[in-house]
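Here the structure comes first, spelled out in structure tokens, and everything after it is commentary.
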Amino acid sequence: MDRLKKEDKLGIQLFSIPKMLSEDFVGGIKMLSDLGYKEIEMFGPFPFSAEKAKKGWEGAAKMLGFSGSGYFGRDVKEVKKILADHGLKTTGTHTDLDTLLQNMGPLAEAANLLGQKYVTLPAIPDDKRRTLDDYRKMADTFNTIGASAKKHGVRFGYHNHGYGFTAIDGKVPFEVLVDNTDPNLVFLEMDIFWTTAAGADPINYLNKYSNRYKMLHLKDMKEKKTFSGDGNDASQWFPLFSVMTSAGEGVMDLEGIVSTAKKIGVEHYYVEQDLVAAPKEALGKSATYLKGKI
């Protein structure tokens, strides 16, 4: 079996260590490099992000106990140099719906400068995913964003959370969304933890949409748990954070998932252990497992 180590493709989503990066950006990047990570996925808001996103982040960051995001107070060129100095590159970024719709120009300009191929939406706003019609409308929006991204030299991706996998009137909303988007314009990033928490099978979905998935978010689950309901609200997500763990420390079939992903052409593999405690130890375990076992 091919290993990630051979390709030097092991990546990490920076939302794993936002507090550390807020306090010491260079130190956090050095730690990730020392642990063996090679690719970075960033998260917004950024200086060019929509005002609504910036204001929303202010409240969320206070609640979470840190303030940094995006380039953590630096400019794009400085960030690129810091990453290069530590043998890292950034291949993608998460950003919000308003920025994707309103500010694709500056978003793509920065992405192209940094070498990021994918600009990805981490979640659909709550009020835009309540009905099947909402998902159909969002598919149209995704096609619009995807065309804009292509025009600006990047690719649009959608990262699933745990909502959208419970059938409504016999149809799975996530599938309605994917089936109504252009496969040449809208690509997918699977979060294997939230997919599993929704009661869905990551391998089944990788095979079902084998031409769509280009990125994975990797973590593990201490014991198999699913949402108390349909996964549509945050109150159902929070209880599951306690079972999130480092890759190889839980019960998920990571070898099977990654093996399938490599067969279908997934390009980027990002560890994401949201706001992880003891990051050096936890992220080190994930890196060691993924480089040595898969």
Side-chain angles (χ1 to χ4, degrees), residues 8-47 49 53-54 56-96 110 114-116 120 122-123 159 189 191 193-194 215-220 222 237-238 240-250 268-291:
D8 264 352
K9 296 280 283 185
L10 183 61
I12 187 161
Q13 160 59 243
L14 291 186
F15 197 68
S16 300
I17 57 164
K19 192 171 189 296
M20 178 181 287
L21 294 169
S22 297
E23 295 168 354
D24 180 7
F25 183 75
V26 175
I29 293 300
K30 182 181 185 303
M31 181 196 76
L32 295 177
S33 176
D34 289 346
L35 291 176
Y37 290 96
K38 296 295 181 182
E39 294 188 355
I40 296 293
E41 185 180 50
M42 306 183 86
F43 70 93
F46 301 92
S49 292
K54 291 179 184 177
W57 178 252
E58 285 177 12
K62 282 180 184 176
M63 184 179 71
L64 294 168
F66 61 89
S67 60
S69 73
Y71 307 132
F72 293 86
R74 290 159 174 80
D75 65 33
V76 181
K77 291 179 180 177
E78 187 180 0
V79 168
K80 184 175 183 178
K81 184 178 187 306
I82 290 168
L83 294 178
D85 287 348
H86 291 88
L88 290 162
K89 60 183 179 179
T90 174
T91 45
T93 188
H94 277 196
T95 190
D96 62 284
L114 287 165
Q116 293 170 335
T120 300
H159 162 279
E189 177 174 55
D191 188 304
F193 182 92
W194 296 118
M215 299 166 280
L216 289 187
H217 271 185
L218 297 170
K219 50 198 126 180
D220 214 333
K222 292 177 187 175
W237 311 343
F238 292 136
L240 272 68
F241 279 101
S242 63
V243 297
M244 190 180 293
T245 191
S246 301
E249 299 280 297
H268 302 290
Y269 300 79
Y270 304 112
V271 168
E272 186 196 42
Q273 291 172 248
D274 312 60
L275 305 169
V276 67
K280 186 174 182 179
E281 178 184 0
L283 298 176
K285 286 180 179 178
S286 284
T288 298
Y289 178 84
L290 289 167
K291 287 187 294 181

Side-chain ion pair, [X] and [Y], N-O less than 4.0 Å:
X: E58; Y: K54; answer: no
X: D191; Y: K219; answer: yes
X: E249; Y: K285; answer: yes

Does the side chain to side chain contact (heavy atoms under 4.5 Å, CB included) test come out yes or no for Y269 and L216, once each step is laid out?
CA-CA 5 Å; Y269 300 79; L216 289 187; 3.9 Å; yes

Can you find a pair of side-chain heavy atoms, one from [X] and one from [Y], that are under 4.5 Å apart?
X: D24; Y: M20; value: no
X: I17; Y: M31; value: yes
X: M42; Y: Q13; value: no
X: F46; Y: V76; value: no
X: W194; Y: L240; value: yes
X: Y71; Y: I82; value: no
X: F241; Y: D274; value: yes
X: M215; Y: T91; value: no

Where is the tightest heavy-atom contact between [X] and [Y], given as atom of each residue plus distance?
X: W57; Y: S67; value: NE1-O, 3.3 Å
X: G36; Y: L10; value: O-CD2, 4.3 Å
X: S286; Y: A247; value: OG-N, 2.9 Å
X: Y270; Y: I12; value: CD2-N, 3.7 Å
X: A53; Y: P45; value: O-CG, 4.1 Å

Evaluation steps, ring-ring contact (aromatic ring centres under 6.0 Å, His included), between H94 and H217
CA-CA 12 Å; H94 277 196; H217 271 185; 5.3 Å; yes

With a 3.5 Å cut-off and no angle check, do the side chains of S246 and Q273 form a donor-acceptor pair?
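Side chains of S246 and Q273: pair found under 3.5 Å.
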
Does the side chain of E272 pick up a donor-acceptor pair with the side chain of S16 at under 3.5 Å?
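No donor-acceptor contact under 3.5 Å links the two side chains.
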
Pairwise distance [atom1]([X]) to [atom2]([Y]) - rounded to 0.5 angstrom:
X: T288; Y: L290; atom1: OG1; atom2: CG; result: 9.0 Å
X: E39; Y: E41; atom1: CD; atom2: CD; result: 10.0 Å
X: S33; Y: K30; atom1: OG; atom2: NZ; result: 7.5 Å
X: L83; Y: I29; atom1: CG; atom2: CD1; result: 5.0 Å

So does E281 have more than 12 non-hydrogen atoms from other groups sitting under 6.0 Å from CD?
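It does not: E281 CD has 12 such atoms or fewer within range.
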
Can you tell me how the ring of F72 sits relative to the ring of F43, calling it parallel under 30°, perpendicular over 60° and tilted otherwise?
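The arrangement is perpendicular - the two ring planes meet at more than 60°.
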
Mind running side chain to side chain contact (heavy atoms under 4.5 Å, CB included) on V271 and Y37 for me, showing each step along the way?
CA-CA 9 Å; V271 168; Y37 290 96; 3.8 Å; yes

Partner residues of K280 under the salt bridge (Lys or Arg N to Asp or Glu O under 4.0 Å) criterion, sequence neighbours left out
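Applying salt bridge (Lys or Arg N to Asp or Glu O under 4.0 Å) to K280 gives none.
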
Passes side-chain hydrogen bond (donor to acceptor under 3.5 Å, both in side chains), E189 versus T120? Steps please.
CA-CA 8 Å; E189 177 174 55; T120 300; 4.7 Å; no

Do side-chain atoms of D220 reach the backbone of G250 as a donor and acceptor pair under 3.5 angstrom?
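Here the side-chain-to-backbone pair exists.
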
Donor-acceptor check, side chain of T90 to backbone of I40, threshold 3.5 angstrom: yes or no?
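Indeed, once roles are kept as given, a pair shorter than 3.5 Å links the two residues.
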
Give the C-alpha distance, both sets of side-chain angles, the deciding distance and a yes or no for side chain to side chain contact (heavy atoms under 4.5 Å, CB included) between H86 and V26.
CA-CA 9 Å; H86 291 88; V26 175; 4.0 Å; yes

With side chain to side chain contact (heavy atoms under 4.5 Å, CB included) as the criterion, how do L14 and L32 come out once you've worked through the C-alpha distance, each side chain's angles and the decisive distance to 0.1 Å?
CA-CA 10 Å; L14 291 186; L32 295 177; 3.7 Å; yes

Partner of K9 under side chain to side chain contact (heavy atoms under 4.5 Å, CB included), chosen from K38, K291, H268
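Exactly one pass, corresponding to H268.
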
